[in-house]
Amino acid sequence: MPLHVPPAPAPALRSVLTALGSPTAVREARTPSLLHAQGPATPELPLPVHVLDGIDAAGVPVTRLAGWRFMIRCGDRVVAAAETMLTADGWAFSRFFEGPYIASTERALRQAETVAQPYQPRLLSVPGLYMLTLWLHGECTADGAVGHPAATDLLVPLAPAPPGIAAHRPHRVADLLPVLTHRVTPAPLLSSPA
């Protein structure tokens, strides 16, 4: 089943295109794959990046939109990614980067395309665990910039995943979220004897 990729805000896409057209931005990005890529580089697969800030009293995940990530394709392969962020003046290019999350994201997206149910792909960052997941949201026509993970949505941890959490294994939000919450919640401090 094809994934329903949400449209990125036009200013976010424009900021990435402008950065790709800037020799200075590409040269200073410290992404050898992008710097040495042959042929034109094009942004594709815009994914909203949400951050898990916690769980509210009703058990609902509290998330916020942190930006949009674009995979940068050159020829037949993805060579880097570009991120944008929301500023007081609107969407702005943030950075180019490469590393294991790019290949892991591609792999997770390919896996998701084989699932029978349609989903809207997003990224969900769990900063307390230094973890990134592909969030497969069940509402395909939803605005990619808003919403929270529903209990029946799927989370696919990307590699490298934290110890004890298997990368590329889909989990329902209702199953994985309690594990993540438990691991992020600091243990209570021992009180000193009176």
Side-chain angles (χ1 to χ4, degrees), residues 3-53 62-113 120-137 143-147 155-163 165 167-168 180 184:
L3 296 173
H4 298 270
V5 178
L13 176 58
R14 277 194 304 273
S15 73
V16 171
L17 290 169
T18 300
L20 281 170
S22 165
T24 303
V26 171
R27 188 174 48 251
E28 292 179 359
R30 296 189 180 101
T31 53
S33 295
L34 181 60
L35 187 59
H36 301 301
Q38 300 295 317
T42 56
E44 61 180 38
L45 282 171
L47 298 173
V49 181
H50 294 261
V51 175
L52 179 66
D53 286 329
V62 177
T63 61
R64 63 182 161 78
L65 181 67
W68 285 81
R69 181 174 294 177
F70 296 80
M71 303 303 261
I72 305 299
R73 181 169 297 280
C74 197
D76 62 346
R77 66 186 194 101
V78 173
V79 296
E83 282 197 354
T84 62
M85 62 182 191
L86 190 58
T87 68
D89 295 325
W91 288 101
F93 171 76
S94 175
R95 66 187 179 120
F96 290 118
F97 65 95
E98 58 185 51
Y101 284 131
I102 295 171
S104 187
T105 301
E106 276 191 297
R107 178 180 169 186
L109 287 166
R110 281 193 306 272
Q111 285 177 296
E113 288 175 343
Q120 181 188 84
R122 302 172 176 199
L123 294 171
L124 180 66
S125 173
V126 185
L129 294 176
Y130 300 100
M131 179 179 182
L132 186 64
T133 69
L134 177 64
W135 165 17
L136 298 173
H137 190 51
D143 179 350
V146 297
L155 295 177
V156 182
L158 301 180
I165 298 175
H168 297 287
L180 300 180
V184 171

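Count residues from 1 along the sequence.
Under the 4.5 Å side-chain criterion, counting only non-hydrogen atoms from C-beta, L155 is in contact with L124. You'll find the side chain of M85 stays beyond 4.5 Å of the side chain of E83, heavy atoms only. Within the 4.5 Å cutoff, no side-chain heavy atoms of L13 are placed close to those of W68. Between S125 and L132, some side-chain heavy-atom pair lies under the 4.5 Å cut-off. Residues L20 and L34 have side chains in contact (heavy-atom distance under 4.5 Å, counting atoms from C-beta outward). By the 4.5 Å heavy-atom criterion applied to side chains, D143 and P6 are not counted as neighbours.
Here the closest non-hydrogen pair linking P157 and T133 is CA-CG2, 3.9 Å. Among all heavy-atom pairs drawn from P162 and L129, the shortest one is CG-O, 3.6 Å. Among all heavy-atom pairs drawn from H50 and V146, the shortest one is CE1-N, 4.1 Å. Among all heavy-atom pairs drawn from G67 and W91, the shortest one is CA-CZ3, 3.7 Å. The two residues P121 and P48 have their closest heavy-atom pair at O-CD, 3.9 Å. Closest non-hydrogen pair, A92 versus S15, comes out as C-OG, 3.6 Å.
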Go through the steps for V79 and E98 under the test side-chain contact (heavy atoms from CB on, under 4.5 Å), then give the verdict. CA-CA 7 Å; V79 296; E98 58 185 51; over 6 Å; no
Worked verdict on L158 versus L123 for side-chain contact (heavy atoms from CB on, under 4.5 Å): CA-CA 10 Å; L158 301 180; L123 294 171; 4.2 Å; yes
I'd like to know whether T31 forms a side-chain contact (heavy atoms from CB on, under 4.5 Å) with I72, so could you lay out the CA-CA distance, the side-chain angles of the two residues, the decisive distance to 0.1 Å, and finally the verdict. CA-CA 11 Å; T31 53; I72 305 299; over 6 Å; no
Test side-chain contact (heavy atoms from CB on, under 4.5 Å) on D53 and V51; report intermediate values, then the result. CA-CA 6 Å; D53 286 329; V51 175; 3.7 Å; yes
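Distance check: H168 NE2 to R110 CZ gives 9.0 Å after rounding to the nearest 0.5 Å. For the atom pair CZ (R69) and OG (S94), the distance works out to 10.0 Å, reported to the nearest 0.5 Å. Put simply, CG on L134 and CZ on R107 are 12.5 Å apart, with the number rounded to the nearest 0.5 Å. Rounding to the nearest 0.5 Å places CG of L109 at 6.0 Å from CG of L47. In this structure, R77 CZ and E106 CD are separated by 10.0 Å, a value rounded to the nearest 0.5 Å.
Classification of the F96-F93 ring pair by plane angle, with boundaries at 30° and 60°, yields tilted.
For the pair S22 (side chain) and T18 (backbone), a donor-acceptor distance under 3.5 Å is absent. Between the side chain of S33 and the backbone N or O of A80 there is no donor-acceptor pair closer than 3.5 Å. Proximity of a side-chain donor or acceptor of T63 to a complementary backbone N or O of G147 within less than 3.5 Å is detected.
Counting heavy-atom neighbours within 6.0 Å of Q38 CD, excluding the residue itself, gives a total of 12 or less.
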